[in-house]
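These notes are about the structure you will find just below.
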Amino acid sequence: MNKFRTQEVWRLAGVLLTGVIVGLITSQLWPAIAIALLVYSLWLLNHLFQLNNWIQRGLKRSEAPNASGVLENIISNIYRLKTSKKRGKKRLAELLGQFKSSAEALPDATVILRASGEIQWFNEAAENLLGLQTPRDLGQRIDNLIREPEFRKFLYAKKRKEELRLTSSLDKSVTFSCRLINYGKENLLLTVRDVSIRERLDQVRREFVSNASHELRTPLTVIRGYLEVMSADDKCSSEVQKNMLIILQQTTQMETIINELLTLSRLENSTLSADEGEEVDVATLLQTLATDAVQSGRAISGQITVSADNRLCIKAIKPEIKSVCSNLLYNALQHNPKQTPIELQWFSSGSGEPCLVVSDDGEGIEQQHLGRLTERFYRVDSSRSRESGGTGLGLAIVKHIVQRHGGRIDISSTPSVGSSFTCCFAASRAVECSDNRS
Ligand code: ADP
């Protein structure tokens with residue numbers, strides 16, 4: 001029994017004892033006990049009223065009613081609850097203050113939105129970068145202030161892309177990178193960063209690569225022309241002719257690299273609208289590539305199997321799709337032992353995306369290389385790739401083409417088992433092949 005309960009039991013026992021003694025003296029035992037209990041109840045009721053008043057007046061410590069026993073315990077428990085709640089509130093307010101001041105200090109514009117797009121809060125950077133103003137814009141819909149149609153699409157998209165690049169409507173030389181993160185049930189966090197410098201550097205790099213490649217192409221063509229003539233000249237000794245052929249081979253390799261760099265530049269510098277392209281019959285394309293590989297002696301008969309849905313076509317840029325298919329098939333043949341079985345698949349995925357899979361049972365690629373294979377000039381074995389005429393640009397070109405067509409490339413591989421390259425394009429590009437397919 002705890003201290004307060006014991007105290008209360010003693011008090012009640014005292015009241016009853018008093019009633020019994022008075023009852024025995026007055027020979028009115030039961031009425032005396034009843035009166036004693038009534039007095040006790042009234043005393044208790046009075047304390048309960050005092051307690052109620054104290055709660056209603058805001059639980060001030062100085063005004064706490066004087067009580068003992070269980071009532072004293074109730075009062076101190078209520079007071080403890082009140083102080084711990086107060087401490088919790090203070091801590092919450094401190095945390096909120098810390099969050100606000102750190103969000104204020106962020107160099108990126110940070111805007112808290114409701115799912116409906118209404119602005120709930122924004123930091124100082126949002127005022128500078130996006131021209132938002134407090135309190136004018138609080139409660140406004142963000143798409144009424146950033147009126148770009150692309151932004152609206154990004155904001156309300158069910159399956160949103162990770163980042164949106166946006167040109168500022170106030171200053172065309174400024175580019176923003178926008179990201180949206182869902183949090184809680186109903187809220188969105190919008191962060192906007194000024195990436196103009198990075199964008200300009202990228203532009204300079206793209207222009208440099210493109211210009212340098214253009215400038216190198218002409219002299220290389222001239223050099224190759226002379227080399228072809230000289231290597232066929234009988235006046236040169238066989239030693240010189242042999243060396244000429246080596247130089248010619250290297251020149252041709254340089255020309256291939258330059259042409260592929262120019263292809264990459266062209267892909268990077270042009271965008272493809274969602275409905276651009278012609279109907280491409282990928283099933284026939286794969287069949288033709290497989291037949292060509294056998295006829296040219298690159299593959300042996302039966303090495304390549306094609307399993308393709310011949311009613312599934314894709315609306316796309318035909319030479320680009322051809323480049324994706326031939327690059328992947330060429331790699332499967334080039335980077336694996338001769339006669340390695342290769343499978344080409346073309347089908348519609350569960351979510352309606354047209355997908356191309358090129359898989360082989362070859363050497364496979366170690367896990368640590370997989371994430372970097374689509375980088376320019378990345379090769380698992382540089383010297384072997386160069387010897388076999390590889391430029392290290394093939395998969396970078398494939399990735400750009402697939403992305404331009406709203407798709408993605410996935411690479412999976414197991415050493416000594418084989419590799420699989422999957423390119424799935426935007427579902428909106430899938431079309432049923434018509435009779436005048438190309
Ligand atoms: P490359 O011109 O060297 O083929 P790619 O960009 O096409 O350049 O490929 C990059 C590297 O990926 C290759 O050098 C090779 O190491 C590796 N690779 C690509 N496809 C395969 C494959 N099917 N099997 C094994 N390795 C591959």
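Throughout, numbering of the chain's residues begins at 1 and tracks the sequence. Predicted model only: the values in this text are computed from it and were never measured.
Remark: the Glu260 side chain and the Thr263 side chain contain no N/O donor-acceptor pair separated by less than 3.5 Å. Ser177 and Glu163 form a side-chain donor-acceptor contact under 3.5 Å, judged by distance and modelled atom types alone. One side chain, Gln203 or Glu207, offers a donor N or O that lies under 3.5 Å from an acceptor on the other.
Contact between Phe154 and Arg179 at its shortest, heavy atoms only, is CZ-CA, 4.3 Å. Shown here for Leu113 and Gly117, the closest heavy-atom pair between the two residues is CD2-O, 3.7 Å.
Within a 6.0 Å sphere centred on NZ of Lys322, other residues, nucleotides and ligands contribute 12 heavy atoms or fewer. Glu72 CD: more than 12 foreign heavy atoms inside a 6.0 Å radius. Other residues, nucleotides and ligands place more than 12 heavy atoms under 6.0 Å from the CD atom of Glu94. By the 6.0 Å contact criterion, CZ on Arg91 is open, its count of non-hydrogen atoms from other residues, nucleotides or ligands being 12 or less. Environment of OH in Tyr156: crowded, with over 12 heavy atoms of neighbouring residues, nucleotides or ligands closer than 6.0 Å. For Ile197, the CD1 atom is loosely surrounded, since the number of other residues' heavy atoms within 6.0 Å does not exceed 12. Within a 6.0 Å radius of CD in Gln339, other residues, nucleotides and ligands contribute 12 heavy atoms or fewer.
In this structure, the separation between CZ on Arg298 and CG on Asp292 is 9.5 Å, given to the nearest 0.5 Å. Annotation: the span from Ile119 atom CD1 to Ile142 atom CD1 amounts to 4.0 Å, rounded to 0.5 Å. Leu189 contributes atom CG, which lies 11.0 Å from atom CD of Gln120 (distance to the nearest 0.5 angstrom). In this structure, the separation between CE on Met244 and OG1 on Thr251 is 10.5 Å, given to the nearest 0.5 Å.
The pair Glu148-Arg152 does not meet the salt-bridge criterion, since no charged nitrogen lies less than 4.0 angstrom from a carboxylate oxygen. The pair Glu279-Lys315 does not meet the salt-bridge criterion, since no charged nitrogen lies less than 4.0 angstrom from a carboxylate oxygen. Salt-bridge formation is detected for the pair Arg408/Glu353: a Lys NZ or Arg NE/NH1/NH2 atom is positioned less than 4.0 Å from an Asp or Glu carboxylate oxygen.
The closest donor-acceptor contact from the side chain of Tyr378 to the backbone of Leu395 lies at 3.5 Å or more, if one exists at all.
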Inset, instruction - Decide yes or no on side-chain hydrogen bond (donor to acceptor under 3.5 Å, both in side chains) for Glu343 and Thr305, but give the supporting numbers first. - result: CA-CA 5 Å; Glu343 191 179 8; Thr305 46; 4.7 Å; no
Legend entry - Test salt bridge (charged side-chain N to carboxylate O under 4.0 Å, His left out) applied to Lys100 and Glu104, step by step: CA-CA 6 Å; Lys100 270 184 125 182; Glu104 283 295 354; over 6 Å; no
Inset, instruction - Check step by step if side-chain hydrogen bond (donor to acceptor under 3.5 Å, both in side chains) holds for Arg141 and Asn144. - result: CA-CA 5 Å; Arg141 273 183 34 191; Asn144 285 340; 4.9 Å; no
Inset, instruction - Using the side chain to side chain contact (heavy atoms under 4.5 Å, CB included) rule, take Asn259 and Arg217 through it: C-alpha gap first, then chi angles, then the decisive distance, then the call. - result: CA-CA 8 Å; Asn259 287 336; Arg217 197 154 69 161; 3.2 Å; yes
Inset, instruction - Go through Arg5 and Asn73 one step at a time and tell me if the side-chain hydrogen bond (donor to acceptor under 3.5 Å, both in side chains) criterion holds. - result: CA-CA 10 Å; Arg5 200 179 295 177; Asn73 192 28; over 6 Å; no
Inset, instruction - Could you go through the side chain to side chain contact (heavy atoms under 4.5 Å, CB included) check for Thr422 and Cys424 one step at a time? - result: CA-CA 6 Å; Thr422 305; Cys424 287; 4.0 Å; yes
Legend entry - Intermediate values then yes/no, side-chain hydrogen bond (donor to acceptor under 3.5 Å, both in side chains), Ser413 and Ser419: CA-CA 4 Å; Ser413 188; Ser419 313; 2.9 Å; yes
Inset, instruction - Applying side chain to side chain contact (heavy atoms under 4.5 Å, CB included), run through Leu373 and Val380 and close with a yes or a no. - result: CA-CA 8 Å; Leu373 287 184; Val380 175; 3.8 Å; yes
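With a 4.5 Å cut-off on side-chain heavy atoms, Val282 and Leu312 do not count as touching.
Annotation: side-chain hydrogen bond (donor to acceptor under 3.5 Å, both in side chains) contacts involving residues 187-201, sequence neighbours excluded, comprise Asp108-Arg193, Arg165-Glu199, Asp194-Ser196.
Cys355 does not pair with Cys423 as a disulfide, the SG atoms being 2.5 Å or more apart.
Among residues two or more places apart in sequence or in another chain, the ring-ring contact (aromatic ring centres under 6.0 Å, His included) test is passed with His47 by Trp43.
Taking the six-membered ring where tryptophan is involved, the planes of Phe425 and His405 are perpendicular, since the angle between them exceeds 60° and thus also 30°.
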